[in-house]
There are 2 protein chains.
Amino acid sequence: MASLARAAGVAASTVSRALRNDPRISPDVRDRIVALAQEVGYTPNILARSLVGGSSGLIGLVLGPVDNPFYAELMQRAVTQAAARGWRLLLVHAGPGPIEQATADALLQYRVDGCLITSAELSSRAARICRDNQVPLVMVNRVAWEHGSAVSCDNDAAGALLADLLIEAGHRRLAVVSGNPTTSTSIERADGFIRRVRAAGLPEPLRFGGVNSHAKGFEAGQVIAALPAPDRPDAVLGVSDLIAMGIMDALREAGIAVPGEISVVGIDGVAAARRPPYRMTTVAQPLEDMMERALDLLNARMNGVHRADEVVTLRGDLVIGQSARLPARLTAG
Amino acid sequence: MASLARAAGVAASTVSRALRNDPRISPDVRDRIVALAQEVGYTPNILARSLVGGSSGLIGLVLGPVDNPFYAELMQRAVTQAAARGWRLLLVHAGPGPIEQATADALLQYRVDGCLITSAELSSRAARICRDNQVPLVMVNRVAWEHGSAVSCDNDAAGALLADLLIEAGHRRLAVVSGNPTTSTSIERADGFIRRVRAAGLPEPLRFGGVNSHAKGFEAGQVIAALPAPDRPDAVLGVSDLIAMGIMDALREAGIAVPGEISVVGIDGVAAARRPPYRMTTVAQPLEDMMERALDLLNARMNGVHRADEVVTLRGDLVIGQSARLPARLTAG
DNA sequence: TTGAAAGCGATACCAG
DNA sequence: CTGGTATCGCTTTCAA
């Protein structure tokens, strides 16, 4: 920058202002400097800028296991929307394993302006670090931990809605395949579902699960398929599309027609579940809006202003596929 | 850091050295400082360090469309392996669209030590920026562009291997569904396949394609299914697993048995293709090794040392699934 | 083995 | 409107 200033015959501070469109710089001087910068291929060093300015322009991103396409879709939204706000993502973790200390430390070392945690599990270490250092924190698809704001889909309502629809369509023996029993997302979805089944006076739903994976759904599907027909459920909720896909695969492999003999529904609305051969009936998370709100929450907390932690819940969108028998009023149109 | 130095009764430079395990600092002083830093929760500011040191510890990551799970898997490897080397990823792009100028600029603004481009398409802008600014660049799953090194799977060999196996197993009417006609990956895979088909004296393979997506594979599958039986191919290669999954879905939906009536094979080895209901016979890219080599290449070019661009090609691993009829010698075991 | 001082590249305040 | 100067947090000579 010094050499640029010399070449332009002005002071460094003038260059600095010109390049950031400071209003109180004369247009002609600014144009000359901008042109010169362009010419010599000068790019401001954000690291140096952050040093004095305080803000790094970085958002830490902690991702969950990306074998669940939901996280991949979330990530894509995060990159795009963050870029639109002039922020960059520091990707510090992606995967199922616990986040390491060195990794969590990076959030502080790089002075991230905020942190986005999308993993339903294992986020505690990163969350603690953010709390201890007043780094704004927003969790997506996850209930707020001790500290931090959160944006999620109304999981309970999603489960309840699907239960209502299945029941209205005449299903009587329902089942639910859960994910990780320690994650709020999985629990709430199952709870909402089960509550409505009970409210309808139907028998207690069968319950399976333990991990949020295709394999676990497949396993549950095999067990269900092996049940003698009278005991066999006529409708199953996979608490995630990934699980629901596994269920459906197992049932079909066992020669059971979906939705002919058993209806299957999921939650998330990932692309893979919506296309053939699944055409899943599911409740899609409003990803675009969720990320928008998440970044809003971060933004509001980024300039040093303290604000109370905030929890935002958005309603999901019912996606009518062909994996479940639904009330005629929905399928007629 | 100044306050830390004051509290410890030493100079800032001593603190700096102590925290980085400089050998020429007395152990007791170092321990005292480290303990104190721990106590007050001090974290070094890497931005400031980079300012003087030169290296930011950041690797720019440009990702392709993550609806293809291949890119998601690649990303997970990238994060893990980069972390193991003490690097962090600056995620500047993910998705199908072209990379924007502002995004590409971020690579320079944050002074990334190197750049990893995994998108088979649209990487030119980022690549150009790296070239113009001597930022080490490695492309993964993509042939080298004008500038930069590259690591990829031997795509041609993968296509050739699958053709050989299908032919050996007795298939006679082959077809190939390509991806984006401008990407080296897609072209090479198809070329290898077609070359072997010709070499075997079989009729010219049917060709479909245009985009690397499930939808495009599905479309091609529908067309294939609609062909009158005598013209219908008895084996199809989808140049990516994503495409192959689409093909298989369409065929099965049309009531055609896979692999009973038509064999389907893919390339990539993504998790989704290997599990039920696909159980794809495919050539898996050695992701772990590819990322390892990619980071090696970056590392060798990162400390200012100039090295010639390098291209590394790794052989893929045949994954025997159940989506294709294969020679008995392979399926016997 | 430790300390003092000079930067690294930018911004911001205070003058002019 | 523009120029000097202190400063951000850390590393790195150069001395002691």
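Chain A is the first sequence line, chain B the second, and so forth, proteins listed ahead of strands; every chain is numbered from 1. Computed over heavy atoms, backbone and side chain alike; hydrogens, waters and symmetry mates excluded.
- If you measure from atom CG of B/L47 to atom P of C/dA10, you get 13 Å, rounded to the nearest angstrom.
- Residues from residues 18-34 of chain A lying near DNA chain D, meaning a heavy-atom separation below 4.0 Å, are A/R24, A/I25, A/S26, A/V29 in numerical order.
- Summarising the geometry, the separation between CE on A/M1 and C1' on C/dC8 is reported as 13 Å, rounded to the nearest angstrom.
- Among the heavy atoms of the strands lying under 4.0 Å from A/T43 are primed sugar atoms or P, OP1, OP2 only; no base atom is included.
- Between B/D22 and B/R20 no salt bridge is recorded (no basic side-chain N to carboxylate O distance below 4.0 Å).
- In terms of position on DNA chain C, the residue among B/V15 and A/P44 whose nearest nucleotide sits closer to the 5' end is B/V15.
- Rounding to whole angstrom units, CG of residue A/N45 and P of C/dT11 are separated by 10 Å.
- In the model, A/S240 has no side-chain atom that pairs as donor or acceptor with a side-chain atom of A/D268 under 3.5 Å.
- In terms of position on DNA chain C, the residue among A/R17 and B/A11 whose nearest nucleotide sits closer to the 5' end is B/A11.
- Shown here is B/Q38, whose CD atom has no more than 12 heavy atoms of other residues, nucleotides or ligands within 6.0 Å.
- Put simply, A/Y42 has a side-chain N or O that comes within less than 4.0 Å of OP1 or OP2 on C/dA10.
- Taking the charged nitrogens against the carboxylate oxygens, A/E292 and A/R85 do have a contact shorter than 4.0 Å, which makes a salt bridge.
- For A/R301, the salt bridge (charged side-chain N to carboxylate O under 4.0 Å, His left out) criterion is met by A/E310, not counting sequence neighbours.
- Between B/R6 atom CZ and C/dG3 atom C1' there is a gap of 15 Å when expressed in whole angstrom units.
- Under the 3.5 Å distance criterion, with hydrogens and angles disregarded, no donor-acceptor pair is assigned to the side chains of B/D154 and B/T313.
- When atom types are taken as modelled, the side chain of B/R77 and the backbone of B/L74 share no donor-acceptor pair closer than 3.5 angstrom.
- Between the side chains of A/N45 and B/Q109, no donor-acceptor pair of N or O atoms lies under 3.5 Å.
- Counting non-hydrogen atoms of other residues, nucleotides and ligands closer than 6.0 Å to CD of A/Q81 gives a total above 12.
- Phosphate contact (OP1/OP2 of C/dT11, side-chain N/O of A/S16, threshold under 4.0 Å): present.
- Taking the 5' to 3' direction, DNA chain D first and last meets chain B under 4.0 angstrom from a heavy atom at D/dG9 to D/dT13.
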